[in-house]
Every structure is written in C-alpha cells, then in structure tokens.
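Remarks on the structure that follows.
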There are 2 protein chains.
Amino acid sequence: MNATLDGDVVRAHGDARQRFYDARGYGRADGADVTLARVEAAHLLYRGDLESVSGMDFRAFFRDSVASEPGFAARFLVYTDLRERGFYLAPAREGWPGSDGAGDDRDDTEDGADILVFERGEKPGGPVAHRVRVVGEREELAATALAGVTLAVVDEESEVSYFGCSAGGGFDGQTAYDLPTGLDADLLDDRVVCWSPPAALYESAFYGQPVSGRDDADVDALQLSLLEAADLAERGAVDLDAAAVVERGREVEGDRFDRRLTVYRELRDAGVVPKTGYKFGADFRTYDAVESVAELPHSERLVRVVTPEHRFHPRDLALDVRLAGGVRKSMVFALAGAESVAYLTVERLTP
Amino acid sequence: MNATLDGDVVRAHGDARQRFYDARGYGRADGADVTLARVEAAHLLYRGDLESVSGMDFRAFFRDSVASEPGFAARFLVYTDLRERGFYLAPAREGWPGSDGAGDDRDDTEDGADILVFERGEKPGGPVAHRVRVVGEREELAATALAGVTLAVVDEESEVSYFGCSAGGGFDGQTAYDLPTGLDADLLDDRVVCWSPPAALYESAFYGQPVSGRDDADVDALQLSLLEAADLAERGAVDLDAAAVVERGREVEGDRFDRRLTVYRELRDAGVVPKTGYKFGADFRTYDAVESVAELPHSERLVRVVTPEHRFHPRDLALDVRLAGGVRKSMVFALAGAESVAYLTVERLTP
C-alpha cells in the first residue's frame, strides 16, 4: 500500500483505516481514511506494511523526516521500542488519540510529552500509562519540567532507557528525640567538635560521629559536620553562634551550603534523619525512622540538592539513578529555592 | 607524661623514646629523646599516653594545631583511622622514617603524600604499602597528580574512604576482525545509519546497533554512533567523509568529541572494543576480547574521558568508583591530550 505526504502528515486511503487505525491503533480516523504522523508512517514503512509515501521508501522517507522534524530519529527509535514492547501509543499531538481532552484534561502537546503510551491492553484514547518525553543523551533537561513525565533517553548508540519522574520525595519521617541545650563545642576548620555530649545526641538523634569508635580513646567527643552544627546551633543544642557556623559553611562551599542547610533543616523538622551521602556521590542518605544507631535501619533514599533552575544532563541522571538502584535506595532530587523545597523522585523504568 | 612544643614539632624526654618510638613507632629518634610531629603528639594525647604538650590537653592542643597547620583536622582523622587498622605509619616529612631515601628514592614530601603507611607487620622505615594523600571532600584534585597515590578522603561527617590510584588502564585487547570497505551510509542528525552492512560488522567487530532486534522488520540497517562512524570512515569501512562526521560530532558535543574519538581510536587500535557507557554515566564500557556479540563477555572497564587539566571533585570520584565497583568493573580515567592519552585506574581500598 502507498500513502501520500500532505504537509506534515501522511494520508492513506482504501482499507488503511481498517488495517492501521481500527486493527492496530495507528493514526487518527479521518472519515473513511486515516491520517498518520510521520513517525507512524515511518514505522509502517519500516515493517513493510506501507510500501511508499509519495514515492519514498523507508530510507528516503526517514531521511526526509529527519530533515523536516527536529529530533525525529530519536522519536522514531522510542516509538519503535515501545511498539515492540506491545503497547498502543500515539504521538502527543492535537487531534491524535489521548491528546484531545478525552479521558483527562492535561494538554500533553504543551507540557513536553512527545508520545502517549496507553495502559497495557488499552486502545489508543484509553487511560495513559506514560507521558513519554524523548530526549537525546546530550540534551539538557530543566529540573522543574520533569514531574509526571516518563523520560525516554536515547543514547549515542541508539539504545533507549526510561526514567519515571514523580513529584515528591516519599519521605515518611518517624524519628523522634529530645535535644539537649547549650553543649560545649569548638568550630575547627570545616567541622565542629562537641565535647562530652550526652550519648543520646548520637545514639538516638544520630547527630555527628564519635571521634573514635574505639574504647581505648581518652577523649569523649562528637564530630559534627557544619550542617549538623548549624542546625543544632539554630535549635540551641550547642553553644555556638549559628551565624558563624553558616558563614564558615559558605566559605568552604558557597551558596550550596545554604541550599543544603535548607533541605537538612526541613528533613529534620519532618522527622527524617539526613546523613552525608558522600560515599554515594549524593548530598544525603536519609533514614525515615531511627530508633537507635545500634539498630540502624537501611537508609531509604539518596538526596541530591540542586537549584530550581538546575538542568540535568541525562548522563548524570543515569549515573545517580543507577547507583541509587544498585544500593536499593530511591533517588530524590531536592530543588531548593530561597523559600521552599520541591522534591522530585526519579527511578528507572522498564515499560 | 608531658611533652614540649618546639616550633612545629613536639619533643619528649625520659622514657618517651623507648615507649613511643622503639615500641610503637611514633616520631623520629633524636638521641635519647623522641621528636614527634603534631599529628603524632595529638594521637598520643588522644589515647591518654601523653598528658599534655606545653600545658595543653588534647582539646587545647588540637585547637592550636588546627590553627597552625592547614588541613590538620583531616590529617588527624586519617592518622587515627590508619593506626586503628593496625599499621605503622609516619608523616611524609623530611627526617621521619621512610621519607629520607632509605628503602626507596621517591621524595614523598614533594609528590603530595601526607602519610606513609608501611606494609602490614613492617616497622617504620620498612617497605611502604601506601603513600596516603589526605583530602577533604570539598578539595579538588589534579588528575595528573594521582598515579601511585592512595587518596584518603575525609567526608563532611569525618568518615574516611580510601582510593588507590594507579597509572595505566589495564587493557588487554584481544579482539580481531576484518573490516569491509565503502559501505553505504547516511549521516542523519546526531547518528549514522549504515544500510545492508555485512553481518560481521556487528556480530564480530561489534560496531553499531541493528535498527531492530526483531525479525518482523523490513529494513536491514545498522545504526552507528558518530564516534563509531567517524572511526569507520577514517578506516575506509563506510563511504562517508570522516571530516564531515567529526564536524557533526563537534557540533553536538564540542571539543569533547575530539577527546573521545582519540580514546576510541586508540582502544580499537589496541584490540579493545569500546561501547557507550551511558547507562553507567561513563563515556565507554570496554571489552578486551569479543569473539561474537552472541557470546558477549562481561565488559571489564568503565572509561571516563577527561582533559589532562581535569580536576576531580572527590564526590564525583566516589560516585564513579562506587558505581563501577557495584557492576564489577574497573574505573579508568582517560586523560586525553592532543597528542596522547594517559590512563589512570582508581579503585576503592580498605587498607
């Protein structure tokens, strides 16, 4: 069967509507005919279901489409991959199934989705399982635009990986403790030493790190990070000027210290315990419920603090999410503004 | 016992030489007495083996030392950690054991080592197991200064992690194949499609990725990354202008493309197969010996390409090395200059 290119769509007549639209969910119905997006027509050519589009075979049509639609090659790869996984799907495009307000009131043509994937077993226009945004591995992604989107990242060798992005961090803080007041402490370099603290400050509240885990030490002291010390100073637990600790923090890490402190404080307020995520390349690892350090649970999340203006490089995103998955934690990004923090959870998906 | 601060060293008399130097390997012998570096004296105070240094207890001496020696707090933490692991160690400092040319001819006081760790069971001045460079997690590290060094990174919560850095990538290329000539290919966007290639180009040489792994496709084509295409064009295997492919590569990723191509070409020349490391956040994953894609071995290494001027942020280094370890691969950094490539392998250590 042959079809015809008409502006930015492809039109097919005869039994095309029955074969492609009714039976297999390609395109949109146009009376007795079917209208296809370029990516759909390319897929039908690729499978041999169409022979030509305005005289072009797959190779010629693909080349013409790459020249006509930015990002076409990546979109075709993702469309093909999702079709091969057995889903019905449609371009997120006005007039195509799922994009006309039927079934939900999101305007996907405006929020950055490229392809709508319908729930398994559902026909086009049914409930949407994934709003897929297609990106090349070299494109940067605005952090604020990702909640609710499934990213399909096409790497330089044309393999596709999927990331589900959802708003919120999923924290469920249940850690409770009482803090002491006015503990003796020294601000030394880029850390703080707290002298002769009550054992519960470490054992229950999980602040700091004993100077030694060994019993042969003659010294009873807890080392605090600048974040922990700033937080404890603000809460009156250590006898240090909170502003001086924050100032030291800014000296050693700039504005980043303020953003991290905002997130640290907010998590502590919510009953979550943040500890350094350095070994995982993150800002924090977090514990929802610490009863005691002696019986420390597995930390549930890794948190990376970024600005609200942050743009992800897909390769960095892949690295963070892969590492988190490898240690059975969720990867959470904290978009920390001056006034508030928005959390974004990103996980690998296999649609 | 009390000791005396004298400039930037601490002097102890009486039976100090026997107790500290002869029996436990602290300091350097000074006639009948012993001379200690600040870090050694602090450790002895910390353990209660010294009562005071010029009237200062541990807290006062520690504070004084932090004010006198940049990076003292981190160095003390690492010194303590290594002592607790049961090693003999010495500051890398002229006149201290191991730093005076006895046993080897490296001048550790000049190559950035802070502490020498002697092989397990060896006394100070014996064979060196680790030349330890102590860094805070916020300090950047010049890539060229790391070969042969063991990094001890002190994180913001005062935990120490160790990384062994060695020159070379450890590649052992054994992949052999013949390339075709003049294959038909299109440069499309940021990738290349090679039409009707011989099966061996993918199956044996492991270039590219079939457009579909499925048998229902009507199209016989191999997708190539721009790197693969540039390499194959330079070798005459595909009928594309290599310069045009490189130009496209520079358009989409700038100078980075040239660096990556230099490494790609050098690895292929050495019989190693580099494929994208995107899913691991790296430039390449590499295979030493590919017989066929159908029986693909585990890839042995992840490679990140950097400039020779690159400075590592310890947190990024921790992330890369941890991820590589989690997938049982070595982490290799390729310092790619205009003329040549130097490789650096970094692994986590537990001394």
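Quantities reported herein were computed from a predicted structural model and do not represent experimental measurements. Letters A, B, ... are given to chains in the order of the sequence lines, protein chains preceding strands, and every chain is numbered from 1.
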B:F58 portion near chain A, given a 4.5 angstrom heavy-atom threshold:
side chain

Under a 4.5 Å heavy-atom cutoff, which of B:G326, B:A282, B:G136 has the most pairs with chain A?
B:A282

side-chain contact (heavy atoms from CB on, under 4.5 Å) between A:D283 and B:R315: does it pass, once the steps are laid out?
CA-CA 9 Å; A:D283 287 291; B:R315 193 168 64 149; 3.0 Å; yes

Between B:L227, B:L77, B:D81, which has the largest tally of heavy atom pairs under 4.5 Å with chain A?
B:L77

Structural part of B:E139 lying under 4.5 Å from a heavy atom of chain A:
neither

So which residue, B:E228, B:E157, B:H43, ends up with the most heavy-atom pairs under 4.5 Å with chain A?
B:E157

Please name all residues satisfying salt bridge (charged side-chain N to carboxylate O under 4.0 Å, His left out) with B:E251, sequence neighbours left out, ordered by chain then number.
B:R248

Can you tell me which of A:F76, A:F72, A:F280 forms the most heavy-atom pairs within a distance under 4.5 Å of chain B?
A:F280

Which bit of B:V321 comes within less than 4.5 Å of chain A, counting heavy atoms only: side chain, backbone, both or neither?
neither

In plain terms, say whether A:D190 and B:R138 are close enough for a salt bridge, that is, a side-chain N and a carboxylate O under 4.0 Å apart.
yes

Evaluation steps, side-chain contact (heavy atoms from CB on, under 4.5 Å), between A:Y46 and B:V211:
CA-CA 10 Å; A:Y46 165 71; B:V211 172; 3.6 Å; yes

Please determine if B:R59 and A:D184 form a salt bridge, counting it only when a charged side-chain N lies under 4.0 Å from a carboxylate O.
yes

By a 4.5 Å heavy-atom criterion (distance strictly below it), what part of B:R191 contacts chain A: side chain, backbone, both, or neither?
side chain

Counting only non-hydrogen atoms closer than 4.5 Å, does B:D220 touch chain A with its backbone (N, CA, C, O), its side chain (CB onward), both, or neither?
neither

Heaviest contributor of heavy-atom pairs below 4.5 Å to chain B, chosen from A:L224, A:L226, A:V66, is A:V66

Determine yes or no for a side-chain-to-main-chain donor-acceptor pair under 3.5 angstrom, with A:Q223 supplying the side chain and B:S158 the backbone.
no

Working to the nearest 0.5 Å, report the span between CD of B:E159 and OH of A:Y278.
11.0 Å

Contacting moiety of B:D155, where chain A heavy atoms sit under 4.5 Å:
both

In terms of heavy-atom proximity below 4.5 Å to chain A, should B:R348 be classed as side chain, backbone, both, or neither?
neither

Let's go through B:E156 and A:R260 carefully: what are the C-alpha distance in whole Å and the side-chain angles of both, what is the deciding distance for side-chain contact (heavy atoms from CB on, under 4.5 Å) to 0.1 Å, and is it a yes or a no?
CA-CA 12 Å; B:E156 61 179 327; A:R260 296 171 75 228; 2.4 Å; yes

Locate the shortest heavy-atom distance separating B:D320 from A:L319; write the atom from each residue and the value.
OD1-CD2, 3.6 Å

What's the verdict on side-chain contact (heavy atoms from CB on, under 4.5 Å) for B:D186 and A:F62, showing C-alpha distance, side-chain angles and the deciding distance?
CA-CA 10 Å; B:D186 286 330; A:F62 192 84; over 6 Å; no

Considering only heavy atoms, which portion of A:L45 lies under 4.5 Å from any heavy atom of chain B: side chain, backbone, both, or neither?
backbone

State the CG-CG distance between A:D64 and B:L188, to the nearest 0.5 angstrom.
11.0 Å

When only pairs under 4.5 Å are counted, which of A:D316, A:V153, A:L317 shares the most heavy-atom pairs with chain B?
A:V153

May I ask you to test the B:R63-A:V193 pair for a side-chain heavy-atom distance under 4.5 Å?
no

Counterpart residues, side chain to side chain contact (heavy atoms under 4.5 Å, CB included), relative to A:L349 (two or more places apart)
A:H130, A:T150, A:Y162, A:E347

